[in-house]
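Notes follow the structure.
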Protein chains: 2
Amino acid sequence: MTTNDRPRRGPGRPAKSEAGDTKAALVDAALRLFAQNGFAGTSIRAIAREVGLSESALYAHFPSKKAIHEAAMRVAGPLVAVVALEETPAGAGPAEFIRAFTDRVVTAWDTPRARQAIGLAVRDGLIHDDGLKEGIDGALRGLAGVFARWIEEGRIRDDLGSPEDLAYALLAPIAHARLMGLHGEATAGQRGDARRRMTAHAELFARAVTVPPSGGDR
Amino acid sequence: MTTNDRPRRGPGRPAKSEAGDTKAALVDAALRLFAQNGFAGTSIRAIAREVGLSESALYAHFPSKKAIHEAAMRVAGPLVAVVALEETPAGAGPAEFIRAFTDRVVTAWDTPRARQAIGLAVRDGLIHDDGLKEGIDGALRGLAGVFARWIEEGRIRDDLGSPEDLAYALLAPIAHARLMGLHGEATAGQRGDARRRMTAHAELFARAVTVPPSGGDR
DNA sequence: ATTATCTATAGATCTATAGATAATGC
DNA sequence: ATTATCTATAGATCTATAGATAATGC
């Protein structure tokens, strides 16, 4: 179970040589355990032991259990992919953009940190948190803005639904695959499945929204 | 907080008049609390108190905390919507079928029981459970079968992706909306948003997959 | 003196059990 | 006698604090 099993220290300040970044190690262990077992299911004892410390050493770094949970959430970082949207060059055509955007999201979400972060969010009800909801809505609006321009320019179909609905049709399946397959406890196989599902959906979506070559039945 | 506040009983067997179905009331309270706070975040004390009992009265009905959690999961019932698929008449056209199927799923998922069930699944990691994954895959396969037939018959587009990918493109956004908006703590407004999102997506999907009227640009 | 650890412990809370008590149904 | 409740309590575990100890950096 214990990923990080440094030897238990003796009393007193540790020698310079063996004095690692304890605080960072604690946050790391906390992130992992909270994501796995939730807030109530994780004791500060378990966190301290994972790093090879006594419980009270933890209290020298964080004033309370809540504080270390908050620290873990901070390093987990933002859960949504607004950044990926801003970073994707919109110059290319719709299909290329959709592919590039999805690739960025998939890469960002398949890091160990991001996988633990989503576990944390799911376990402790943050998935029903207003902050997360606003983040998602922001990402949807950003994507909808891009789609709205393309609809105006006649580069994607205007008869399917609102730009917002289109954005949802692209993003939701990707987000769903993340929840099901890019979490902290996912095996390499599950992660591969999730990534394939994401890119496959992006391709399907790109084909569905781009204006079909007009004329000629069959 | 307490939804069910019957008066606390005295010692001894309660009179027939005030002897409700305690076991059912316990499971009900347990489902609500486990969904809200997770397994570790819910004490048997809290469950008993919610029903107006002492902790030990609970142990007369269930041998352990785990047992009452399992009972709660059983009444929560299956999480996925294979039933909805079987119940939807496939005789109608693709668009009608997609609409009818989605309506059934939405209705099934917006019951208080189903909303608590999804909270339970999310909170205690069942979302990453193999059983649930198999249920989802089963629903996807069933839907994919319907789509495969329609593709053969030329009633929906064959150039978007595999029947499985199509099934995912329809189901995942609906499942995602459920997670975000049809859970135990969702307000009426959030639930309405989620339902609208589901039906809007079904409409978009139906338009995207049906074969476009051929011929004539613009 | 400060920092980072330890041991020991207080006080709360948690699961579970033992034994008492009172209504029910035979 | 059985059933459904209670009170009391054991024993484990949890968060948090107090005070000791030893290395560091001035």
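Every heavy atom of this structure was used, including side-chain atoms; hydrogens, water molecules and symmetry mates were not. Letters A, B, ... mirror the listed sequences (proteins, then strands); counts begin at 1.
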Hey, can you pull the donor-acceptor pairs under 3.5 Å for the side chains in residues 58-66 of chain A, sequence neighbours left out?
{"from": "A/Ser64", "atom 1": "OG", "to": "A/Lys66", "atom 2": "N", "distance (Å)": "3.4"}
{"from": "A/Ser64", "atom 1": "OG", "to": "A/Ala67", "atom 2": "N", "distance (Å)": "3.1"}
{"from": "A/Lys65", "atom 1": "NZ", "to": "A/Phe39", "atom 2": "O", "distance (Å)": "3.0"}
{"from": "A/Lys65", "atom 1": "NZ", "to": "A/Thr42", "atom 2": "O", "distance (Å)": "2.9"}

Taking only distance into account, with no hydrogens and no angle test, what donor-acceptor pairs under 3.5 Å do side-chain atoms of residues 115-122 of chain B form with protein atoms, sequence neighbours excluded?
{"from": "B/Arg115", "atom 1": "NH1", "to": "B/Asp110", "atom 2": "O", "distance (Å)": "3.0"}
{"from": "B/Arg115", "atom 1": "NH1", "to": "B/Asp110", "atom 2": "OD1", "distance (Å)": "2.9"}

Just list the side-chain donor-acceptor pairs under 3.5 Å for residues 165-179 of chain B, sequence neighbours left out, or say none.
{"from": "B/Asp165", "atom 1": "OD2", "to": "B/Ser162", "atom 2": "OG", "distance (Å)": "3.4"}
{"from": "B/Tyr168", "atom 1": "OH", "to": "A/Pro173", "atom 2": "O", "distance (Å)": "2.7"}
{"from": "B/Tyr168", "atom 1": "OH", "to": "A/Ala177", "atom 2": "N", "distance (Å)": "3.3"}
{"from": "B/Arg178", "atom 1": "NH1", "to": "B/Leu79", "atom 2": "O", "distance (Å)": "2.7"}

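With salt bridges taken as basic N to acidic carboxylate O contacts below 4.0 Å, none links A/Asp137 and A/Arg141.
A search for side chain to side chain donor-acceptor pair (under 3.5 Å) contacts involving B/Ser56 returns B/Ser54, not counting sequence neighbours.
Side-chain N/O atoms of A/His61 include none lying less than 4.0 angstrom from OP1 or OP2 on C/dT3. For the pair B/Ser54 and D/dC6, the criterion of a side-chain N or O lying under 4.0 Å from OP1 or OP2 is met.
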Check against side chain to side chain contact (heavy atoms under 4.5 Å, CB included), B/Glu55 and B/Ile47: CA-CA 8 Å; B/Glu55 299 102 279; B/Ile47 300 169; over 6 Å; no
Residue pair B/Arg99, B/Glu203: steps toward the side chain to side chain contact (heavy atoms under 4.5 Å, CB included) verdict: CA-CA 7 Å; B/Arg99 236 172 257 134; B/Glu203 290 300 327; 2.7 Å; yes
Dot-bracket pairing map - DNA chain C, Watson-Crick plus G-U, both contacts under 3.5 Å, | cross-strand: ||||||||||||||||||||||||..
Protein-to-nucleotide contact annotation, 5' to 3' order, nucleotides 13-19 of chain D [B base; S sugar-phosphate only; - none; under 4.0 Å, heavy atom]: -BBBBB-
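Taking the six-membered ring for Trp and the full ring otherwise, A/Phe205 and A/Phe97 have centroids separated by 6.0 Å or more.
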